[in-house]
Engineer: 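Can you read through this structure? Questions will come right after.
Ligands are counted one by one from 1 in listed order, and the atoms in each one are counted from 1 as well.
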Amino acid sequence: MTFTRPASDWIDGKIPVFAPLTPDERAASRYDRDFSVPDVYTGIAFGHRLFGSGAAEGLYRTVSALLLATPKPPEAVLDLGCGVGRVLYDCAPAWPATRFLGIDLSYNICRRASALLKSNQPVPLPGMARWGWPGMVFNGARTLDNVTIAQASALDLPCPPLSCDAVLATLLLCRLPDPVAGLAQMVRVLRPGGKLILATPCGFTTEEPWSAFVPAEKMREHLAAFGLRIDEWIEDLPYRERIDAQGNAHDWRVRVIAATCGV
Ligand SMILES: C[S@@+](CC[C@H](N)C(=O)[O-])C[C@H]1O[C@@H](n2cnc3c(N)ncnc32)[C@H](O)[C@@H]1O
């Protein structure tokens, strides 16, 4: 994988760091102060394997299907805010000659994605015990040589312009302080004809900065301004995050968009 600048550090000697966080920033981040959030995210993303829950399957399978519908395997795919790597886990084995890059800002989420996608070792999830799932271990970790995990910000990508055939962002855009700047970064790295797949909650209640894309018409205008042609627009896809063994959950309605760049 080619980067536009050298890594400023490495996590565990193997994950390049491009947006270093100070120890204080990591201690203040719910993702990074320990592994409880990465454990819970692993449970959400892989709930179908861990405890037979299909709650998140509709979203992950929709995003993967939209990517894999590309007529021929692309050279390079970027998953922004890849989280624990569920979409990479599903798609990278289907296209072994394609280079997949997963980027996330959180050190511990990057560590977890690397363990799930590259270690081939059981991954214990002790953080799930306090939500009623003691002794949980994920036994399906893979060794995907065509996947690279890197720590970086989606708002300052270390990727060359026009270097990706597809960019994915599942549940990321709504987390960015400037989602329009995030979209600009995605378009910068996409080749003409490349695919952008966005999945993002449509019932988001926070006014700013998400308001840049509310109502849906505003989002259509932003995509058009970036030269993106909309191929698919799915509104209100149900996405349930099961958060404990008692059945409590957060329910989201997600908008999923597939668009083609610069045509
Ligand atoms: C709700 S999770 C979604 C994870 C994954 N895409 C999925 O759907 O399972 C949002 C992710 O975005 C990451 N994130 C937040 N801000 C980011 C940024 N500026 N750049 C890269 N990743 C970011 C978080 O660390 C977190 O892993």
Engineer: Would you mind running through ligand 1 and noting each atom that sits below 4.0 Å from a heavy atom of Ala152?
Structural biologist: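 Result: 20 (N), 21 (C).
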
Engineer: Distance to 0.1 Å, residue and atom name: give those for the protein heavy atom nearest to atom 9 (O) of ligand 1.
Structural biologist: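 Looking at atom 9 (O) of ligand 1, the protein heavy atom closest to it is Tyr60 OH, 2.6 Å.
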
Engineer: Taking the inter-plane angle between the rings of Tyr239 and Tyr60 on a 0 to 90° scale, is it parallel (under 30°), tilted (30 to 60°) or perpendicular (over 60°)?
Structural biologist: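 Tyr239 and Tyr60: perpendicular rings.
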
Engineer: Is Gly81 in polar range of ligand 1, meaning some N or O pair under 3.5 Å apart?
Structural biologist: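 The answer is yes, given that Gly81 and ligand 1 share an N or O pair closer than 3.5 Å.
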
Engineer: Taking non-hydrogen atoms only, is Ala45 closer than 4.0 angstrom to ligand 1 via side chain, backbone, both or neither?
Structural biologist: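 It is neither part, as no heavy atom is under 4.0 Å.
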
Engineer: For Asp156 and Arg5: C-alpha separation, side-chain torsions, deciding distance, then whether salt bridge (Lys or Arg N to Asp or Glu O under 4.0 Å) applies.
Structural biologist: CA-CA 11 Å; Asp156 183 20; Arg5 53 186 193 266; 3.4 Å; yes

Engineer: Which of the numbered atoms in ligand 1 are below 4.0 angstrom from a heavy atom of Cys82?
Structural biologist: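 The list of qualifying atoms is 5 (C), 6 (N).
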
Engineer: So if I count the atoms of ligand 1 from 1 in the order they appear, which ones are less than 4.0 Å from some heavy atom of Leu105?
Structural biologist: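 Contacts of ligand 1 toward Leu105, numbered from 1: 17 (C), 18 (C), 19 (N), 20 (N), 21 (C), 22 (N), 23 (C).
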
Engineer: So, regarding Leu80 and ligand 1 (criterion: nitrogen or oxygen to nitrogen or oxygen, under 3.5 Å), is there a contact or not?
Structural biologist: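 Leu80 vs ligand 1: no N/O contact under 3.5 Å.
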
Engineer: Under a 4.0 Å heavy-atom limit, does Ala19 contact ligand 1 with its side chain, its backbone, both, or neither?
Structural biologist: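 None of Ala19 does.
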
Engineer: Taking heavy atoms and a distance under 4.0 Å, where does Leu59 meet ligand 1: side chain, backbone, both or neither?
Structural biologist: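 Neither part.
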
Engineer: Write out the residue and atom name of the closest protein heavy atom to atom 10 (C) of ligand 1, then the distance separating them to 0.1 Å.
Structural biologist: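 Protein heavy atom with the smallest distance to atom 10 (C) of ligand 1: Leu171 O, 3.5 Å.
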
Engineer: Look at atom 2 (S) of ligand 1 and say which protein heavy atom is nearest, naming residue and atom and giving the distance to 0.1 Å.
Structural biologist: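 Protein heavy atom at minimum distance: Tyr41 CE2, 3.5 Å.
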
Engineer: Under 3.5 Å between some N or O of ligand 1 and some N or O of Thr170?
Structural biologist: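 Yes, at least one N or O pair falls under 3.5 Å.
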
Engineer: State if Leu176 counts as touching ligand 1 under the rule of any non-hydrogen atom under 4.0 Å.
Structural biologist: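 Yes, that is the case, since the closest heavy atom of the residue is under 4.0 Å from the ligand.
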
Engineer: Applying a heavy-atom cut-off of 4.0 Å, say which part of Leu172 lies close to ligand 1: side chain, backbone, both or neither.
Structural biologist: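 It is the side chain that touches ligand 1; the backbone stays farther off.
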
Engineer: I'd like to check which ligand 1 atoms, numbered from 1 as shown, lie under 4.0 Å from a non-hydrogen atom of Ile109.
Structural biologist: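 Those qualifying, in numeric order: 27 (O).
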
Engineer: Quick one, Arg112 and Leu125 - any side-chain contact, counting heavy atoms below 4.5 Å?
Structural biologist: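 They are in contact (side-chain heavy atoms under 4.5 Å apart), so the answer is yes.
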
Engineer: Which heavy atom of the protein is the closest neighbour of atom 1 (C) of ligand 1, given with residue, atom name and distance?
Structural biologist: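 In this structure, atom 1 (C) of ligand 1 has Arg175 NH2, 3.2 Å as its nearest protein heavy atom.
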
Engineer: Is Arg86 close enough to touch ligand 1? Criterion: a residue heavy atom under 4.0 Å from a ligand atom.
Structural biologist: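 The answer is no: ligand 1 sits nowhere under 4.0 Å from a heavy atom of Arg86.
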
Engineer: So which heavy atom in the protein is nearest atom 11 (C) of ligand 1, and how far is it from that ligand atom?
Structural biologist: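 Ranked first by proximity to atom 11 (C) of ligand 1 is Asp104 OD2, 3.7 Å.
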
Engineer: Should we say atom CZ of Arg26 is surrounded by more than 12 heavy atoms from elsewhere, each under 6.0 Å from it?
Structural biologist: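 For Arg26, atom CZ is crowded (more than 12 foreign heavy atoms under 6.0 Å).
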
Engineer: Test of understanding: given a 4.0 Å heavy-atom threshold, classify the contact between Ala169 and ligand 1 as side chain, backbone, both, or neither.
Structural biologist: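 For Ala169, there is no contact with ligand 1 at all, from either part.
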
Engineer: Using distance alone, determine whether Ala154 and ligand 1 share an N or O pair under 3.5 Å.
Structural biologist: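 Indeed, backbone or side chain, Ala154 has an N or O that close.
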
Engineer: Side-chain contact test, heavy atoms from C-beta onward, threshold under 4.5 Å: evaluate it for Arg142 versus Leu117 and give yes or no.
Structural biologist: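 The answer is no; the side chains never approach within 4.5 Å.
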
Engineer: Would you say Tyr31 has any N or O atom under 3.5 Å from an N or O of ligand 1, going by distance alone?
Structural biologist: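 In this structure, Tyr31 places no N or O atom under 3.5 Å from an N or O of ligand 1.
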
Engineer: Can you find a heavy atom in the side chain of Asn108 that is under 4.5 Å from one in the side chain of Arg33?
Structural biologist: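 Not in contact.
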
Engineer: Where does the angle between the aromatic ring planes of His250 and Trp252 fall among parallel (under 30°), tilted (30 to 60°) and perpendicular (over 60°)?
Structural biologist: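 His250 vs Trp252 ring planes: perpendicular.
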
Engineer: Within a radius of less than 6.0 Å around CZ of Arg130, do more than 12 heavy atoms belonging to other residues, nucleotides or ligands occur?
Structural biologist: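 No, because the 6.0 Å sphere around CZ of Arg130 holds 12 heavy atoms or fewer from other groups.
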
Engineer: Under 6.0 Å between the ring centres of Tyr41 and Tyr31?
Structural biologist: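 That pair passes the under 6.0 Å test.
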
Engineer: Take Phe18 and Ser8 through the test side-chain contact (heavy atoms from CB on, under 4.5 Å) and record every step on the way to the result.
Structural biologist: CA-CA 6 Å; Phe18 294 98; Ser8 50; 5.9 Å; no

Engineer: Counting neighbours of NZ on Lys218 that are heavy atoms of other residues, nucleotides or ligands and sit closer than 6.0 Å, is the number greater than 12?
Structural biologist: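 Check passes, neighbour count above 12.
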
Engineer: Can you tell me if Ala199 has a non-hydrogen atom under 4.0 Å from ligand 1?
Structural biologist: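 Ala199: no contact with ligand 1 (<4.0 Å).
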
Engineer: Using the ring of each side chain (for Trp, its six-membered ring), is His222 parallel, tilted or perpendicular to Phe213, with breaks at 30° and 60°?
Structural biologist: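 Plane angle over 60°, so perpendicular.
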
Engineer: What closest approach, in Å, do Ile149 and Cys82 show between heavy atoms, and which atom pair accounts for it?
Structural biologist: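 That would be CD1-SG, 4.5 Å.
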
